[in-house]
Amino acid sequence: MCGFISIMAPEGHDVITDVLSGLLAIQHRGQDAAGAVTFGDKFQAKKGLGLVREVFQQKHLSRLKGHLGVGHVRYPTVGGGDDTDVQPFWIDFPMGIAMAHNGNVTNFHELKRDYFPRRDVRLASSCDLEAVLYVFAAKLIETRASNNGCTAEEVATAVAEVFEKVKGAYSVVGTVAGAGMFAFRDPFGIKPAVFGERDGPDGKSYAVASESVVLDVAGFQRVRDLDAGELLWIGNDRQPRFIQVGQQPHRPCIFEYIYFARPDSVIDGVSVYEARLRLGEVLAEKWRTTGLEIDAVIPVPESSRTAAQTMAETLGVPYREGFVKNRYVGRTFIMPNDKERQESVRQKLNPIRMEFEGKRVLILDDSIVRGNTSRQIVKIARQMGAKKVYLASYSPPLLHPCPYGVDMATKREFIASGKTERELCEEIGCDHLVYQDIDQMVRAIQEVRHDRREFCKACFTGEYPTGDVTEQMLSDIECDRLAAR
Ligand code: AMP
């Protein structure tokens with residue numbers, strides 16, 4: 001999971017301030033590294049490890065001139081903590097192209113082993129975006145009729161080549177120097193990309209971002225999400241052109257609604273907030289069938305707050321804030337080992353005793369991955385004197401690694417792997433455990449949009465929509481991740 005933004009303003013207007021405010025709005029999608037590239041009469045870049053506010057200082061703003069800009073926040077999956085892997089990437093010769101992506105190239109190993117050596121291409125990083133950039137650039141250079149810019153159709157040919165050669169799930173944004181901006185979504189539209197525009201005295205500005213919240217903070221109107229396999233090109237005539245390049249069914253990632261996206265974002269027409277409200281209601285119905293009495297529903301902050309409110313309302317019990325999150329502690333999920341993760345959960349979530357003492361509490365989380373958070377919070381709830389500690393997850397058991405750019409646990413690490421709910425309950429130490437059902441989860445999100453859209457839910461089912469995920473591929477990705485820790 002990463003986040004990007006690309007902006008094209010009228011000539012003479014610098015975009016860097018909007019790029020940076022957009023990146024701050026999607027900092028939750030990656031805190032490992034940040035970068036931006038702008039184009040006025042040449043590419044200017046600033047990239048580095050750390051948060052957006054750590055990487056960028058005032059002096060960079062005056063240097064990063066130009067009306068075209070691309071920004072990125074990184075959450076490393078493949079590739080590591082090295083600053084050579086920080087996006088955006090660009091080339092200056094024989095034409096200028098800058099790019100950033102969110103997702104993962106699943107055949108990166110094969111491309112590195114066979115495709116690039118045969119073409120005498122040496123990759124400079126271990127970031128899979130380089131594969132997309134070089135395949136795209138090589139085709140565009142081969143196809144374009146003139147050395148002066150390129151057409152929407154020529155860019156579409158380059159995107160078709162990327163779809164043919166580069167497998168996986170990746171939304172991409174970028175700039176062709178002096179010619180325009182582009183964005184495309186992977187053939188199954190697994191990764192999000194939303195388009196917006198803003199009126200100004202000198203003409204319209206355009207933006208594409210991973211989440212609509214970026215458009216909100218930079219004052220853009222959300223126009224629509226890109227479709228699966230669709231290209232958006234805006235050339236020097238400044239007219240957005242949408243071209244359908246891929247022909248696969250749309251399978252957006254369901255985990256965006258569960259956990260990744262901010263609740264104030266709208267993805268593929270579905271409000272993330274509304275989806276979570278509905279997920280809480282639906283899970284409440286399942287909880288009711290247990291017949292267990294509770295005194296309060298307590299969310300594990302932040303993502304499960306929304307669902308916990310409707311869960312409590314539906315069950316007719318109070319919603320209570322039992323844990324206070326210290327948001328300045330780094331993310332527990334990406335700590336290198338379990339011991340560090342467990343200690344960090346304790347630093348991150350501090351309990352409020354009165355919400356537990358003598359009570360039967362139902363603690364709600366968005367998901368249970370390795371079980372570190374659950375084990376710790378159940379233990380804390382008991383230390384605070386809870387009479388009964390129940391646990392619920394508004395997503396189903398996570399069982400399958402995600403090869404599409406999500407840092408899920410490896411197969412062995414999933415706590416739910418090969419266990420019954422009773423065994424899990426014992427391992428986590430709670431008095432009862434309830435997971436959302438897969439069908440109920442899908443229906444809850446479909447209901448928000450009143451349609452029957454299907455999703456990528458491979459992390460729950462093991463059915464990978466791209467149809468080309470092999471055990472070897474999963475094991476290569478697992479090795480890369482373990483090596484990067
Ligand atoms: P765990 O402690 O390993 O069971 O992880 C569960 C917690 O991690 C939940 O509270 C989620 O909010 C969060 N989480 C779930 N998926 C991810 C992910 N891919 N990256 C980071 N955090 C996640």
Side-chain angles (χ1 to χ4, degrees), residues 1-3 26-32 73-78 102-104 169 190-191 253-263 272 276 279 298-308 322-323 325-327 329-349 363-381 391-417 419 424-425 427-430 433 435-436 441 456-460 477-478 481 484-485:
M1 181 181 70
C2 293
I26 46 167
Q27 184 78 81
H28 62 286
R29 297 185 73 89
Q31 298 97 50
D32 177 65
V73 286
R74 180 180 81 174
Y75 186 120
T77 45
V78 169
N102 166 33
N104 189 40
I190 294 174
K191 298 292 171 185
C253 167
I254 204 159
F255 218 69
E256 291 285 347
Y257 300 102
I258 305 287
Y259 171 74
F260 297 145
R262 270 176 55 157
V272 174
R276 290 184 189 163
L279 285 161
I298 295 180
V300 179
E302 303 283 335
S303 37
S304 57
R305 277 198 170 137
T306 312
F323 294 101
K325 181 172 177 173
N326 179 349
R327 58 190 83 218
V329 175
R331 291 179 69 162
T332 53
F333 199 85
I334 49 179
M335 300 264 164
N337 60 51
D338 264 9
K339 188 164 181 296
E340 275 185 50
R341 271 188 218 111
Q342 278 161 25
E343 282 166 7
S344 148
V345 169
R346 188 63 188 83
Q347 288 165 13
K348 196 161 156 181
L349 296 173
I363 302 175
L364 179 67
D365 206 349
D366 58 88
S367 58
I368 304 173
V369 187
R370 300 180 183 91
N372 288 321
T373 311
S374 318
R375 271 192 291 260
Q376 285 295 308
I377 55 172
V378 168
K379 197 164 129 197
I380 297 170
L391 189 68
S393 159
Y394 68 77
S395 64
L398 280 160
L399 295 168
H400 304 273
C402 176
Y404 304 132
V406 175
D407 184 24
M408 284 285 174
T410 60
K411 208 162 188 165
R412 277 169 281 157
E413 290 173 310
F414 286 116
I415 190 172
S417 195
K419 293 192 195 85
L424 275 172
C425 226
E427 182 153 349
I428 292 171
C430 56
L433 170 67
Y435 278 107
Q436 189 84 269
M441 168 184 70
C456 173
K457 43 187 190 310
C459 50
F460 304 112
I477 293 172
E478 180 171 334
R481 286 187 189 159
R485 278 182 195 164

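As the structure lists them, so they are numbered: ligands from 1, and atoms in each ligand from 1.
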Q) Any N or O on Val369 sitting closer than 3.5 Å to an N or O of ligand 1? A) yes

Q: State whether the shortest distance between N or O atoms of Gly371 and N or O atoms of ligand 1 falls below 3.5 angstrom.
A: yes

Q | Asn372 neighbourhood, listing ligand 1 atoms whose heavy-atom distance to it stays under 4.0 Å | A | 1 (P), 2 (O), 4 (O)

Q. At a 4.0 Å cut-off, with the gap strictly under it, does some heavy atom of Ser374 reach an atom of ligand 1?
A. no

Q | Ionic contact status for Glu256 with Lys191, cut-off 4.0 Å | A | no

Q: Just let me know how Thr373 lines up against ligand 1, side chain, backbone, both or neither, with a heavy-atom cut-off below 4.0 Å.
A: both

Q) If you count the atoms of ligand 1 from 1 in the order shown, which ones are under 4.0 Å from a heavy atom of Ile368? A) 4 (O)

Q. Heavy-atom contacts under 4.0 Å between Tyr75 and ligand 1: side chain, backbone, both, or neither?
A. side chain

Q.
If the condition is ring-ring contact (aromatic ring centres under 6.0 Å, His included), which residues does Phe323 pass it with, not counting sequence neighbours?
A. Phe356

Q: With heavy atoms of Phe255 as the reference, note each atom of ligand 1 found under 4.0 Å away.
A: 16 (N)

Q: Return yes when Val300 approaches ligand 1 closer than 4.0 angstrom through a heavy atom, no otherwise.
A: no

Q. Mind checking what makes side chain to side chain donor-acceptor pair (under 3.5 Å) contact with Ser303, not counting sequence neighbours?
A. Asp366

